[in-house]
**Student:** 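Sharing a structure, written as structure tokens. Questions coming.
No hydrogens, no waters, no symmetry mates; every other heavy atom, side chains included, goes into these values.
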Amino acid sequence: MTCTKCQHSTVKKFGRYGRQRVQRYRCTSCSTTFSDPKPVSSLGSMRISEENAIRAIQCLIEGCSIRSTERMTGLHRDTIMQLLVLAGERCAKLMDERMRGLKCNYVQCDEIWTFVGKKQRHCRNDSPEFGDAWVFVAI
């Protein structure tokens, strides 16, 4: 173990902290305290196994609801929602990085109708944010 500040190699254990009982260290040279670096995970700060995360994503891809995914995987629905947001952000980042300068001969377009709050025919003197919403998708 080396000090994160002065790169000195002699450090002493300096107690533990937190629920996870993370080991702390103190540098004998500069008296800086620090802990073990967190392991890098593809799931960010989530503390679930990658197998459970993959299983939950596969259930959602197959069309299962969040609550049925909760029952099948044993994960809490808030965790599944966080996992879904993380997967969506990573997918958007991947598409932004990789899909550049495409020369397309054919483009398939589709639209999806939905509503926000209530359907358009029931919106009278409501906020313009309510009512019909159209999502256009091009592949």
Side-chain angles (χ1 to χ4, degrees):
M1 180 68 60
T2 58
C3 177
T4 56
K5 186 176 179 182
C6 69
Q7 304 303 320
H8 198 258
S9 61
T10 55
V11 295
K12 289 186 175 183
K13 288 185 178 182
F14 194 66
R16 294 178 177 269
Y17 77 97
R19 224 178 355 176
Q20 304 293 322
R21 305 303 300 155
V22 176
Q23 179 67 56
R24 299 279 298 160
Y25 298 96
R26 174 178 250 166
C27 179
T28 57
S29 175
C30 67
S31 299
T32 301
T33 60
F34 58 95
S35 61
D36 288 326
K38 289 184 179 180
V40 178
S41 171
S42 61
L43 300 174
S45 63
M46 296 181 78
R47 294 179 296 193
I48 60 173
S49 67
E50 288 190 19
E51 293 82 24
N52 276 350
I54 290 170
R55 191 175 325 124
I57 293 292
Q58 286 173 341
C59 289
L60 293 169
I61 288 171
E62 289 296 322
C64 295
S65 68
I66 291 171
R67 289 184 187 261
S68 65
T69 302
E70 178 183 21
R71 289 189 297 269
M72 287 188 281
T73 61
L75 298 174
H76 192 268
R77 61 187 164 274
D78 293 340
T79 304
I80 294 170
M81 288 297 294
Q82 289 176 354
L83 186 61
L84 189 59
V85 168
L86 179 69
E89 289 171 351
R90 299 275 173 91
C91 288
K93 182 180 174 186
L94 178 71
M95 288 182 67
D96 286 344
E97 289 175 357
R98 301 274 173 97
M99 299 184 86
R100 298 283 182 186
L102 300 175
K103 294 179 176 76
C104 301
N105 294 328
Y106 300 99
V107 176
Q108 177 181 341
C109 297
D110 199 4
E111 72 276 350
I112 304 167
W113 173 85
T114 186
F115 62 92
V116 178
K118 51 184 152 179
K119 295 181 181 175
Q120 191 68 42
R121 66 177 174 255
H122 298 293
C123 290
R124 290 184 178 71
N125 302 326
D126 287 326
S127 171
E129 295 175 352
F130 292 124
D132 291 349
W134 293 88
V135 179
F136 298 95
V137 180
I139 300 174

**Student:** How long is the straight-line distance from CG of Asp126 back to CD of Gln120, given to the nearest 0.5 Å?
**Tutor:**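 Spacing of CD (Gln120) from CG (Asp126) equals 9.5 Å.
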**Student:** Grab the two heavy atoms, one from Arg90 and one from Ser42, that are nearest each other, plus how far apart they are.
**Tutor:**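 Between these two residues, the closest heavy atoms are NH1-O, 2.6 Å.
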**Student:** Looking at Arg21 and Arg16, what are the two nearest heavy atoms and their distance?
**Tutor:**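 So the minimum-distance heavy-atom pair works out to O-NH1, 2.8 Å.
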**Student:** Decide whether Leu83 and Met81 are clustered together by the hydrophobic rule: side chain heavy atoms of Ile, Leu, Val, Met, Phe, Trp, Tyr closer than 4.5 Å, transitively.
**Tutor:**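 Cluster IDs for Leu83 and Met81 match.
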**Student:** What pair of heavy atoms forms the shortest contact from Thr69 to Cys59, and how long is it?
**Tutor:**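 What the structure gives for the nearest pair is OG1-CB, 3.6 Å.
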**Student:** Is the backbone of Val137 close enough, under 3.5 Å, to the side chain of Glu111 for a donor and an acceptor to pair up by distance?
**Tutor:**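 Side chain of Glu111 to backbone of Val137, a donor-acceptor pair under 3.5 Å: no, none is there.
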**Student:** How close do Trp113 and Lys119 get, heavy atom to heavy atom, and via which atoms?
**Tutor:**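 Result for this residue pair: CH2-CE, 4.1 Å.
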**Student:** Pick out which of Ile57, Leu75, Ile48 makes a side chain to side chain contact (heavy atoms under 4.5 Å, CB included) with Ile80.
**Tutor:**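 Testing Ile80 for a side chain to side chain contact (heavy atoms under 4.5 Å, CB included) against Ile57, Leu75, Ile48 leaves exactly one candidate, Leu75.
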**Student:** For Lys12 and Tyr25, run side chain to side chain contact (heavy atoms under 4.5 Å, CB included): C-alpha distance rounded to whole Å, both residues' side-chain angles, the deciding distance at 0.1 Å, then the answer.
**Tutor:** CA-CA 6 Å; Lys12 289 186 175 183; Tyr25 298 96; over 6 Å; no
**Student:** Work out which heavy atom in Glu70 is nearest to a heavy atom in His76; give both atom names and the distance.
**Tutor:**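 It is OE2-CA, 4.1 Å.
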**Student:** Hey, does Cys64 have a side-chain heavy atom less than 4.5 Å from the side chain of Met72?
**Tutor:**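 Side chain of Met72 against side chain of Cys64, heavy atoms only: contact under 4.5 Å found.
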**Student:** I need the Tyr17 OH to Gln23 CD distance, nearest 0.5 Å.
**Tutor:**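 Result: 10.5 Å between the selected atoms.
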**Student:** Would you kindly say whether Arg24 and Thr33 are connected by a side-chain donor-acceptor distance under 3.5 Å?
**Tutor:**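 Note: Arg24 and Thr33 side chains meet the donor-acceptor criterion.
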**Student:** Quick check on Phe34: does its CZ atom have over 12 non-hydrogen neighbours (other residues, nucleotides or ligands) under 6.0 Å away?
**Tutor:**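 Buried by this count: over 12 neighbours within 6.0 Å.
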**Student:** Are more than 12 heavy atoms from other residues, nucleotides or ligands located less than 6.0 Å from atom NZ of Lys5?
**Tutor:**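 For Lys5, atom NZ is not crowded (no more than 12 foreign heavy atoms under 6.0 Å).
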**Student:** Taking everything shown except Glu129 itself, do over 12 heavy atoms lie less than 6.0 Å from its CD?
**Tutor:**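 Open: at most 12 neighbouring heavy atoms sit under 6.0 Å from CD of Glu129.
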**Student:** Nearest 0.5 angstrom please: Glu97 CD to Arg100 CZ, how far?
**Tutor:**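 Those atoms lie 9.0 Å apart.
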**Student:** Rounded to the nearest 0.5 Å, how far does CD of Glu89 lie from CG of Leu84?
**Tutor:**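 Answer rounded to 0.5 Å: 10.0 Å.
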**Student:** Does the side chain of Cys30 come within less than 4.5 Å of Cys3's, by heavy atoms?
**Tutor:**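 SC-SC contact between Cys3 and Cys30 confirmed.
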**Student:** Indicate yes or no for a side-chain donor-acceptor contact from Thr28 to the backbone of Thr10 under 3.5 Å, with no hydrogens or angles considered.
**Tutor:**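 Here the side-chain-to-backbone pair exists.
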**Student:** For the residue pair Phe136 and Trp134, does the interplanar ring angle fall in the parallel (under 30°), tilted (30 to 60°) or perpendicular (over 60°) class?
**Tutor:**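 Phe136 and Trp134: parallel rings.
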**Student:** Report yes or no: does Ser49 contribute a side-chain atom to a donor-acceptor pair with the main-chain N or O of Asn52 at less than 3.5 Å?
**Tutor:**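 Answer holds: yes.
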**Student:** Should Val11 and Phe14 be regarded as members of a common hydrophobic cluster, given that ILVMFWY residues are connected when their side-chain heavy atoms come within less than 4.5 Å of each other, either directly or indirectly?
**Tutor:**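 Result: no, two separate clusters.
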**Student:** So which heavy atom on His8 is nearest to which on Cys27, and how close?
**Tutor:**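 So the minimum-distance heavy-atom pair works out to CB-SG, 3.8 Å.
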**Student:** Out of curiosity, does Leu86 fall in the hydrophobic cluster containing Met95 (side-chain heavy atoms, cut-off under 4.5 Å, transitive links)?
**Tutor:**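 Met95 and Leu86: separate clusters.
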